[in-house]
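None of the values given here were measured: they were computed from a predicted structure.
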Amino acid sequence: MNDALRQRGHTLTLETIGQFDPLQADHDVFIMSKCNDAQAMLCAFALTNRGKRVGIDLFDDYFSQLSDSRFGRFVAWLSSLMGMVDFVLCSTPGMAEIARHCRASIPLHIMNDPADDLRLDQLDWILKRKSAYAKEAGELRIGWFGVGDNPHFRVGLTDLIAFSGALATINSLSFSVKLNILTNLRALTADGLTLLRQLPLPFELDEWSEDKEQAMLNESFACFLPVNAQNFSAAKSLNRAVSALTSGCQVISPGFPLYGRLDPLIYSDAQDFLSDLADFRMRCRPENLEVYSDRMMSLASKETEASALCEFLESLQSRYSNSKAKRAALLHGTSARGNIHKFAQRAGSLSIASPFCKDRLNFDARFRYVGVGHEVQLLVGESAVSALSAAMRVQLGPQKSVDGQTYRELPIASQRRTDLPVDHMPLPIQMARYQPTMINMIKQIETAFGEVRTFVSEMSPLPFDIISTEAFLEAREQ
């Protein structure tokens, strides 16, 4: 892809977000991909304040499951980011629809996953070689490859087993069917291996790697790529089917028609595959390469995708930040990840612990419950004193040590409480108190530090009701 961009006078640089410096980076456009935590919000804030154009690449659908409390933090993350970024990049119409639902007017570009090599000059020979081997050896080599598990959804190996009836149909032929499975090691738990024992035919299993995938594709006559219909799977890209087709494999994909845009090159029904196999007139065959070329050039060409991406980015208007806030603050919920905390401080943001946070890190400030009446106090570290407004600085109390760090109390944040401190608070009460407490903390941060933009970082998988910064700002203005 970089070569195709260079032909248009552009370059692409990849960096891990943990090592990225949003205060110094000097590119023209920044795209954040698979950074589903507060680091992305802090980057967007810092970059947009510098007048940079910023976008997000939405890849996995963790945002449309609104009735599933596990995904509340993802929805809040996207809601906060959508108010700051200039555009959205995604690889499927399904993800584009989700982005439009969050912000209808945002500039959006659908970029297909390009293939490394379309093999337009080689595919004729590759297809003939594979058909000749299948006829002479009486053997069909079929491959399945991909991530076999997901922490949130039953996908991967589960899909392979659920649609394995199609494999049983193919295995009933006079051909000897050889199934090869490549997947990630994490999926090969006792449960994962038990699932695989349900397959209706023998198989070979190996850990996935890029080289092993290509070797398997080179030798496979077909790839079996079933897709279930849940939102997460329905929003996936075409990349697996494209990889198979460009290696001269037939694609058998029962279930949700994820790869429908590649018709008529793929099979959704095993019976159709068997009918064509009877006389080896497969959908992807030498006589049909004009259709293959048309589909690949429109959906998987590096040059086509690079050209369209550049035209889209060049069409964006220059950004002029009108934000009053020149500094960000990160308010940690029940769990403060050390990497996010350190990133916030490196990015020039304040890292602040909420009363729910029990982690012992060198926070710039921290809220806590104290005293018999369980008051909420704001303790300000020496690193954050200079960020206080002048009126607040004169109200600072004497120094005190908390978890080995030196802080000074700021009375303005004190608030009487009648409930138990967090350490003794039952979980349901913590959840009920969470949102109003966090809203109050955001207000207190603004009172203490003036024109700052506060983001909430919550990494707990428990269903804490997280309010996005944008939702809070809108509610306050009404």
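- A pairwise comparison of heavy atoms in A40 and I17 identifies N-CD1, 3.8 Å as the closest pair.
- In this structure, CG in L42 is found 11.0 Å from CD in Q345, a value given to the nearest 0.5 Å.
- With rounding to the nearest 0.5 Å, the separation of CG in D68 from NE2 in H152 is 9.0 Å.
- Within the 3.5 Å criterion, the main-chain N or O of L289 finds no donor-acceptor partner in the side chain of S293.
- A donor-acceptor pair under 3.5 Å is absent between the side-chain atoms of Q39 and the main chain of F343, judged by distance alone.
- Taking SG of C43 as the start and CE of M84 as the end, the distance is 10.0 Å to the nearest 0.5 Å.
- R337 places no side-chain N or O within donor-acceptor distance of the main-chain N or O of D37, the cut-off being under 3.5 Å.
- In this structure, E204 contributes its side chain and N180 its backbone to no donor-acceptor pair below 3.5 Å.
- D86 places a side-chain N or O within donor-acceptor distance of the main-chain N or O of V54, the cut-off being under 3.5 Å.
- A 4.5 Å side-chain heavy-atom check between H10 and C310 finds at least one atom pair inside the cut-off.
- One distance of note links CE of M41 with CD1 of I340; it measures 8.0 Å at 0.5 Å rounding.
- No side-chain heavy atom of Q250 sits under 4.5 Å from any side-chain heavy atom of I266.
- At least one donor-acceptor pair under 3.5 Å links the side chain of N228 to the backbone N or O of Q230.
- Counting all heavy atoms, side chain and backbone alike, Y292 lies closest to L118 at OH-O, 2.7 Å.
- Residues V227 and F163 form no side-chain contact, since every pair of their non-hydrogen atoms from C-beta on lies 4.5 Å or further apart.
- Under 4.0 Å is where a charged nitrogen must lie from a carboxylate oxygen, and between D3 and K302 no such pair does.
- For E314, the CD atom is densely surrounded, since the number of other residues' heavy atoms within 6.0 Å is greater than 12.
- Remark: aromatic rings of Y62 and F232 are close, center separation under 6.0 Å.
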| query | Does the side chain to side chain contact (heavy atoms under 4.5 Å, CB included) test come out yes or no for N36 and F63, once each step is laid out? | reply | CA-CA 11 Å; N36 302 124; F63 313 106; 4.2 Å; yes
| field | Pair E446-T454, side chain to side chain donor-acceptor pair (under 3.5 Å): steps then yes or no | value | CA-CA 8 Å; E446 292 182 348; T454 303; 5.3 Å; no
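- At distances below 3.5 Å, at least one donor-acceptor pair connects side-chain atoms of S315 with backbone N or O atoms of F312.
- Counting only N and O atoms by type, the side chains of E458 and T334 include a donor and acceptor under 3.5 Å apart.
- For the residue pair D61/S64, the side-chain donor-acceptor check at 3.5 Å is satisfied.
- What you find for A270 and I170 is that their closest heavy atoms are CB-CG1, 4.3 Å.
- Taking CG of D206 as the reference point, atom CD1 of I181 lies at 11.0 Å (rounded to 0.5 Å).
- Once rounded to the nearest 0.5 Å, the distance linking CG of L238 with CE of M296 reads 8.0 Å.
- With D113 as the fixed residue, the side-chain hydrogen bond (donor to acceptor under 3.5 Å, both in side chains) test singles out one of S237, S91, S243: S237.
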| field | F45 and R50: CA distance, side-chain angles, deciding distance, side chain to side chain contact (heavy atoms under 4.5 Å, CB included) verdict | value | CA-CA 9 Å; F45 174 82; R50 294 175 56 206; over 6 Å; no
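- At least one side-chain heavy atom of F87 sits less than 4.5 Å from a side-chain heavy atom of I31.
- Taking the six-membered ring for Trp and thresholds of 30 and 60 degrees, F153 and F71 have nearly parallel ring planes, at less than 30 degrees apart.
- For P93 against R261, the heavy-atom pair with the smallest separation is CD-NH2, 4.0 Å.
- With W77 contributing its side chain and C35 its backbone, the two residues share a donor-acceptor pair below 3.5 Å.
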| request: Could you walk me through whether R6 and T11 pass the side chain to side chain donor-acceptor pair (under 3.5 Å) test, one step at a time? | output: CA-CA 6 Å; R6 286 194 189 98; T11 57; over 6 Å; no
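- Heavy atoms only, all atoms of each residue included: C90 and D57 are closest at CA-OD1, 4.0 Å.
- A heavy-atom distance below 4.5 Å is found between the side chains of K34 and D60.
- The number of heavy atoms from other shown groups lying within 6.0 Å of CD (E290) does not exceed 12.
- Among pairs with a residue in residues 115-125, those fulfilling salt bridge (charged side-chain N to carboxylate O under 4.0 Å, His left out) read D124-K128, at least two apart in sequence or across chains.
- With contacts defined as side-chain heavy-atom distances shorter than 4.5 Å, the pair P264/V291 qualifies.
- Closest non-hydrogen pair, F221 versus K130, comes out as CD1-O, 3.9 Å.
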| said: I'd like to know whether D149 forms a salt bridge (charged side-chain N to carboxylate O under 4.0 Å, His left out) with R186, so could you lay out the CA-CA distance, the side-chain angles of the two residues, the decisive distance to 0.1 Å, and finally the verdict. | reply: CA-CA 8 Å; D149 66 341; R186 185 188 61 202; 2.8 Å; yes
| request: Kindly determine whether V452 and I445 satisfy side chain to side chain contact (heavy atoms under 4.5 Å, CB included), including the steps that lead there. | output: CA-CA 8 Å; V452 298; I445 290 170; 3.7 Å; yes
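- Side-chain contact check for L167 versus I252: every heavy-atom pair is 4.5 Å or farther apart.
- Side-chain contact between N49 and R327 is absent, with no heavy atoms from C-beta onward closer than 4.5 Å.
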| request: Verify side chain to side chain donor-acceptor pair (under 3.5 Å) between S354 and H332, making sure each step is shown before the conclusion. | output: CA-CA 6 Å; S354 74; H332 298 275; over 6 Å; no
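- Distance alone, capped at 3.5 Å, is enough to place a donor-acceptor pair between the R285 side chain and the M282 backbone.
- When atom types are taken as modelled, the side chain of S298 and the backbone of D294 share a donor-acceptor pair closer than 3.5 angstrom.
- Cation-pi geometry between K52 and F30 is not met: the NZ or CZ atom fails to fall both under 6.0 Å from the ring centre and inside 45° of the normal.
- F356 and Y434 have tilted rings, their planes meeting at an angle from 30° to 60° on a 0 to 90° scale.
- With a 6.0 Å radius and a threshold of 12 heavy atoms from other residues, nucleotides or ligands, E287 has its CD atom above the threshold.
- A cation-pi arrangement is present between R129 and W125, with the terminal nitrogen or guanidinium carbon under 6.0 Å from the aromatic centre and inside a 45° cone about the axis.
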| Stepwise side chain to side chain contact (heavy atoms under 4.5 Å, CB included) check, L330 with L350 | CA-CA 6 Å; L330 188 63; L350 298 170; over 6 Å; no
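- Here salt bridge (charged side-chain N to carboxylate O under 4.0 Å, His left out) pairs that include residues 218-231, with residues two or more places apart or in two chains, are R141-E219.
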